[in-house]
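All values derive from a computational prediction rather than experimental measurement. Along the sequence shown, residues carry numbers from 1.
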Amino acid sequence: MRNIFLYKKRFFMTVIGIAGCGALITAGFGIKDSVQSIIDNQYGQIIHYDNILVFNKNADSDARNNLSDKISSDEYYKSSLMDYAYTAEVKIPGSKDDYSTEITVVNDTSAYMDYVTFRTRRSKKTIELDDSGVIISEKLAKDLNVKEGDNVLIHDEDNKQATVKVSGVMEMYINNYIFMTSEYYSQVFGYTPDNNRILGILTSDGDDIQSVIGDRYLTDNNVKSLTFVKANITRFENMIQSLDLVTWVLIISAGMLAFVVLYNLTNVNISERIREIATIKVLGFYDREVGEYVYRENIILTLIGGVFGLLLGMALHAYIMTTKINISSFLISYGITILFSLLINIFMYPSLKKIPMVESLKSVE
């Protein structure tokens, strides 16, 4: 402890260097954890429907009701529900920046809870969808810089503008969404839109069942499209594979950087203390004891720097992603930092053995 605090510059250099490398390793594993958890959070905990059937615009109300009844009696469907959805640009009043958003109008809010979970990301508190305003996704709220109680400007499919009040900000990871009741939509636009799609929860999402369902409904002239959530999941998994490769490059590069930093600092440490090390050899220290004398300081500095690295890594990851880091990633990141420190100790051991005891004669002491 005396030597650690005696050489204060080396103390801070080592701690800061190890903390920086540890932060990059932690952030790399954190990004990997976040990317892997997006699919489960989005399509397992928030969105619960398995497919979306969209009507043709020229389909009348009778045709839509007949399709709804047909799906309700389909043996491959557990349940189904009609709603209205379209994509429009959303912005805050007076701003030029707008964001493409899927706007969904819900008729039966209580039944809709089985298809989409409205909750906050941090506290997991349920958000009530009512006639007092709209619920928007968290990323959209961040882009627009709005919070609960603020107003946003939306359009209908005929490009008619209306200002709506934000009643809640919900957890959502992919795309921008706005949810509102049909009653509130009627208040702001002056009319109630006709449902244009059906959400379905299947008994199974196997490829064979999807093929049968596709054959049954895509041949209907009143059906515009039939999308399966499983296909979206597969497409997203393929898309994030490249990002997963980037995170591994970050982790490996940070590990190599940690090795270089520790090697240089240890080499400087030994070079500056050759006379001191030679002196303790003269005093009768064995090679193993000399190694412990120097490396004990490195291990303590690595432990301290590793803790700061975890904290910095958490801050860096929070700046990049919103989801949390797994505990295992913290342990792995800390373990990698300690491992490189031990490897450096082993690697530099021959240098300590080669220090001649005659160097102690050059010491003023």
Side-chain angles (χ1 to χ4, degrees), residues 1 4-5 10-46 119-124 138 171 173 233 236-237 239-267 269 291-292 294-349:
M1 297 305 294
I4 287 175
F5 291 104
R10 188 160 57 243
F11 170 82
F12 287 110
M13 286 174 60
T14 305
V15 169
I16 293 173
I18 294 173
C21 299
L24 290 175
I25 296 173
T26 304
F29 276 107
I31 293 172
K32 192 173 185 300
D33 292 339
S34 298
V35 169
Q36 291 176 341
S37 66
I38 284 176
I39 296 176
D40 179 63
N41 291 339
Q42 179 79 7
Y43 297 110
Q45 302 180 28
I46 300 172
R119 70 183 189 188
T120 59
R121 177 175 58 85
R122 295 184 180 277
S123 63
K124 308 301 181 186
E138 184 176 4
E171 178 182 10
Y173 298 95
I233 296 175
F236 185 75
E237 286 176 340
M239 182 181 66
I240 65 177
Q241 281 182 353
S242 57
L243 182 59
D244 194 43
L245 177 62
V246 171
T247 58
W248 275 114
V249 171
L250 175 61
I251 293 169
I252 295 172
S253 300
M256 294 174 65
L257 178 62
F259 186 89
V260 172
V261 168
L262 288 170
Y263 174 82
N264 287 331
L265 290 173
T266 303
N267 195 35
N269 185 15
E292 291 175 353
V294 176
Y295 294 152
R296 195 176 294 117
E297 301 169 20
N298 288 355
I299 293 173
I300 294 174
L301 292 175
T302 303
L303 293 174
I304 297 173
V307 171
F308 282 106
L310 295 180
L311 297 176
L312 289 173
M314 289 176 60
L316 179 60
H317 175 266
Y319 177 76
I320 301 172
M321 310 290 286
T322 56
T323 49
K324 296 180 179 180
I325 307 175
N326 295 334
I327 298 297
S328 59
S329 293
F330 283 117
L331 298 177
I332 293 173
S333 301
Y334 197 66
I336 289 176
T337 306
I338 302 300
L339 176 63
F340 277 118
S341 178
L342 296 176
L343 289 175
I344 290 297
N345 290 345
I346 296 173
F347 192 77
M348 295 300 296
Y349 184 68

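For the side-chain contact (heavy atoms from CB on, under 4.5 Å) test, residues two or more places apart in sequence or in another chain that qualify with Ile233 are Ile39, Tyr43, Val229, Glu237. With sequence neighbours left out, the side-chain contact (heavy atoms from CB on, under 4.5 Å) criterion links Ser328 to Asn326.
Put simply, CG on Asn267 and OH on Tyr263 are 5.0 Å apart, with the number rounded to the nearest 0.5 Å. Atom CD1 of Ile31 and atom CD1 of Ile251 lie 8.5 Å apart (nearest 0.5 Å).
Put simply, the side chain of Tyr295 reaches to within 4.5 Å of the side chain of Asn298, judged on heavy atoms. No side-chain heavy atom of Leu312 sits less than 4.5 Å from a side-chain heavy atom of Leu24. Using a 4.5 Å cut-off on side-chain heavy atoms (C-beta onward), Cys21 and Thr337 make no contact. Phe11 places a side-chain heavy atom less than 4.5 Å from the side chain of Ile304. Side-chain contact check for Leu303 versus Tyr334: some heavy-atom pair is nearer than 4.5 Å.
Screening residues 253-264 for salt bridge (Lys or Arg N to Asp or Glu O under 4.0 Å), with sequence neighbours left out, gives no hits.
Gly28 and Leu250 make their closest contact through CA-CD2, 3.7 Å (heavy atoms, listed as atom of the first residue, atom of the second, distance). Among all heavy-atom pairs drawn from Tyr173 and Gln42, the shortest one is N-OE1, 2.9 Å. The two residues Gly17 and Val261 have their closest heavy-atom pair at CA-CG1, 3.9 Å. Across all their heavy atoms, Glu171 and Ile46 have their closest contact at O-CD1, 3.3 Å. Shown here for Leu310 and Ser333, the closest heavy-atom pair between the two residues is CD2-CB, 4.2 Å.
The local environment of CZ in Phe259 is crowded, with over 12 non-hydrogen atoms from other residues, nucleotides or ligands closer than 6.0 Å.
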